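Take a look at the structure below.
Note that the structure is predicted; figures quoted are calculated from it, not measured. Hydrogens, waters and symmetry mates play no part in the numbers below; they use all other heavy atoms, side chains included. This chain uses plain numbering: 1 for the first residue, then up along the sequence.
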Amino acid sequence: DTMVTVVDAFNFLKDFGSSHRLVDRKLSDIEGDNRTIVNLLTDQIEFANVTIINKCDLVSREHLDLLKSIIQKLNPGSKIIESNFSKVNLKEIINNNLFDFTKAEQSAGWIAELNKEEHTPETEEYGISSFVFRSKKPFHPERFWNYVQNKFSSSIIRSKGLFWLASRPDQAISWSQAGGSLRADSAGVWWGSMPFKKRFEQQAFVENQETIEKDWDKDFHDRKNEIVIIGVEIDAEKIKSELKSCLLTNHELEKEDWKTGYNDDWPVVRVSPLK
């Protein structure tokens, strides 16, 4: 009927900047559960269509308005309700038929930003803004790893997308960061890494061929970096410049080492394309 999540106004910002895992606070006894608090908080906010901010009496109006702005940026379509002691009018959350799974899958703010055909300057409430970093060139594995480990801006509260490394020309890698937690996982292989005939054996390619080939590049095919950045008081041009400096230079591309790949320190399981 309705997907509701509750946000602790007093502790949310502190938890959002924490690197603690669920098991660290004894919130999970599932073996191998390495989820972080911040990832769980973000997933819940991005999926809910009603967000209740509780304990509003324990924070200032400015703190509360900042929190609301962050939540609205993470999930623009979510209805926000303020409460104290969890007192909420039940008519606002029950028997409303508000939940739609298909819409919920697309409700996250980063998806909305990614789907914009053209980024338009936004009215920034509390300095919260977003942009998308796009590039066809691959990231240099060492420079990008060093950037992520040592130079990644603390003003970025959420980033999400896909990227590729010159050391792994066949592999698409998913990027997911929230607060102090960053996760990179294999997202499969790029269509350009497999023979033309093999692509048509995959239903996902057949169903999305027009969209895939619309963005096709003669050198890199469908390979791309596409990362949504959401932050507070972020310097978009500075971050874009820093990310560009992590890409392969034209001189490095001329060597064509990326076509064969080489070693890297990224802790992501390597995958191979269909031959």
Side-chain angles (χ1 to χ4, degrees), residues 39 108 110-111 113-116 119 130-153 156 158-178 181-196 198-202 204-205 207-230 236 239-275:
N39 281 126
W110 67 267
I111 297 178
E113 182 69 29
L114 198 61
N115 290 336
K116 288 181 182 178
H119 180 79
S130 59
F131 67 91
V132 183
F133 175 79
R134 290 185 171 94
S135 172
K136 279 291 189 178
K137 292 181 179 179
F139 281 113
H140 186 287
E142 291 181 7
R143 288 200 296 270
F144 193 38
W145 179 252
N146 180 59
Y147 177 74
V148 169
Q149 292 293 305
N150 304 308
K151 301 177 182 179
F152 195 75
S153 176
I156 299 173
R158 179 66 164 142
S159 55
K160 182 83 172 178
L162 286 175
F163 71 99
W164 70 293
L165 300 169
S167 52
R168 307 186 188 200
D170 295 334
Q171 187 171 17
I173 304 174
S174 68
W175 168 287
S176 181
Q177 170 265 333
S181 175
L182 171 63
R183 185 179 180 89
D185 292 296
S186 173
V189 299
W190 301 108
W191 294 113
S193 68
M194 65 180 71
F196 188 72
K198 282 289 183 181
R199 295 174 209 158
F200 284 93
E201 295 177 6
Q202 309 300 313
F205 181 81
E207 293 177 349
N208 300 282
Q209 182 183 358
E210 184 177 350
T211 301
I212 294 168
E213 294 184 345
K214 183 180 180 181
D215 196 35
W216 203 262
D217 182 89
K218 66 182 182 67
D219 295 317
F220 305 122
H221 304 159
D222 61 320
R223 298 174 179 89
K224 62 182 176 181
N225 304 305
E226 197 170 57
I227 302 174
V228 178
I229 307 286
I230 301 172
I239 294 172
K240 288 178 183 179
S241 177
E242 291 171 344
L243 289 170
K244 285 179 181 177
S245 71
C246 296
L247 300 172
L248 253 63
T249 63
N250 290 335
H251 177 68
E252 289 169 330
L253 284 169
E254 288 173 2
K255 295 180 180 179
E256 298 194 341
D257 288 345
W258 67 270
K259 291 185 177 180
T260 56
Y262 44 90
N263 293 326
D264 67 56
D265 294 325
W266 283 79
V268 181
V269 176
R270 288 177 179 266
V271 297
S272 299
L274 298 171
K275 300 298 184 181

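One N or O on the side chain of His140 and one on the backbone of Glu142 form a donor-acceptor pair closer than 3.5 Å. Remark: side-chain polar atoms of Gln177 are not paired, donor with acceptor, to backbone N or O of Ile229 under 3.5 angstrom. Under the 3.5 Å distance criterion, the side-chain polar atoms of Ser176 are left unmatched by any main-chain donor or acceptor of Arg183. Between the side chain of Ser181 and the main chain of Ala178, no donor-acceptor pair closer than 3.5 Å is present.
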Let me see the working for Arg270 and Asp170 under salt bridge (Lys or Arg N to Asp or Glu O under 4.0 Å), right down to the final yes or no.
CA-CA 9 Å; Arg270 288 177 179 266; Asp170 295 334; over 6 Å; no
As a quick check of understanding, evaluate side chain to side chain contact (heavy atoms under 4.5 Å, CB included) for Ser186 and Gln171, giving each step before the final call.
CA-CA 7 Å; Ser186 173; Gln171 187 171 17; 3.2 Å; yes
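In this structure, the ring-ring contact (aromatic ring centres under 6.0 Å, His included) partners of Phe205, at least two apart in sequence or on a different chain, are Trp191, Phe200. The ring-ring contact (aromatic ring centres under 6.0 Å, His included) test applied to Trp175 returns Phe144, Phe152, Phe163, not counting sequence neighbours. For Phe220, the ring-ring contact (aromatic ring centres under 6.0 Å, His included) criterion is met by Trp164, Trp258, not counting sequence neighbours.
Interatomic distance, CG of Leu247 versus NZ of Lys244, reported as 9.0 Å (0.5 Å rounding). One finds the CG atom of Leu253 at 5.0 Å from the CG atom of Leu248 (value rounded to the nearest 0.5 Å). With rounding to the nearest 0.5 Å, the separation of NZ in Lys136 from CD in Glu226 is 9.0 Å. We find the CG-CZ distance between Leu243 and Phe139 to be 5.0 Å, quoted to the nearest 0.5 Å. Distance check, rounded to the nearest 0.5 Å: CZ of Arg168 to CH2 of Trp190 gives 13.5 Å. Considering OG of Ser167 and CH2 of Trp145, their distance stands at 11.5 Å, rounded to 0.5 Å.
Lys137 and Asn250 form a side-chain donor-acceptor contact under 3.5 Å, judged by distance and modelled atom types alone.
The closest side-chain heavy-atom distance from Lys224 to Arg134 is not below 4.5 Å. Between Ser193 and Arg223, some side-chain heavy-atom pair lies under the 4.5 Å cut-off.
Taking 4.0 Å as the cut-off between side-chain N and carboxylate O, Lys255 and Glu252 do not count as a salt-bridged pair.
Counting non-hydrogen atoms of other residues, nucleotides and ligands closer than 6.0 Å to CD of Glu210 gives a total of 12 or fewer. Under a cut-off of 6.0 angstrom, the local environment of CZ in Arg143 is crowded, with over 12 non-hydrogen atoms contributed by other residues, nucleotides or ligands.
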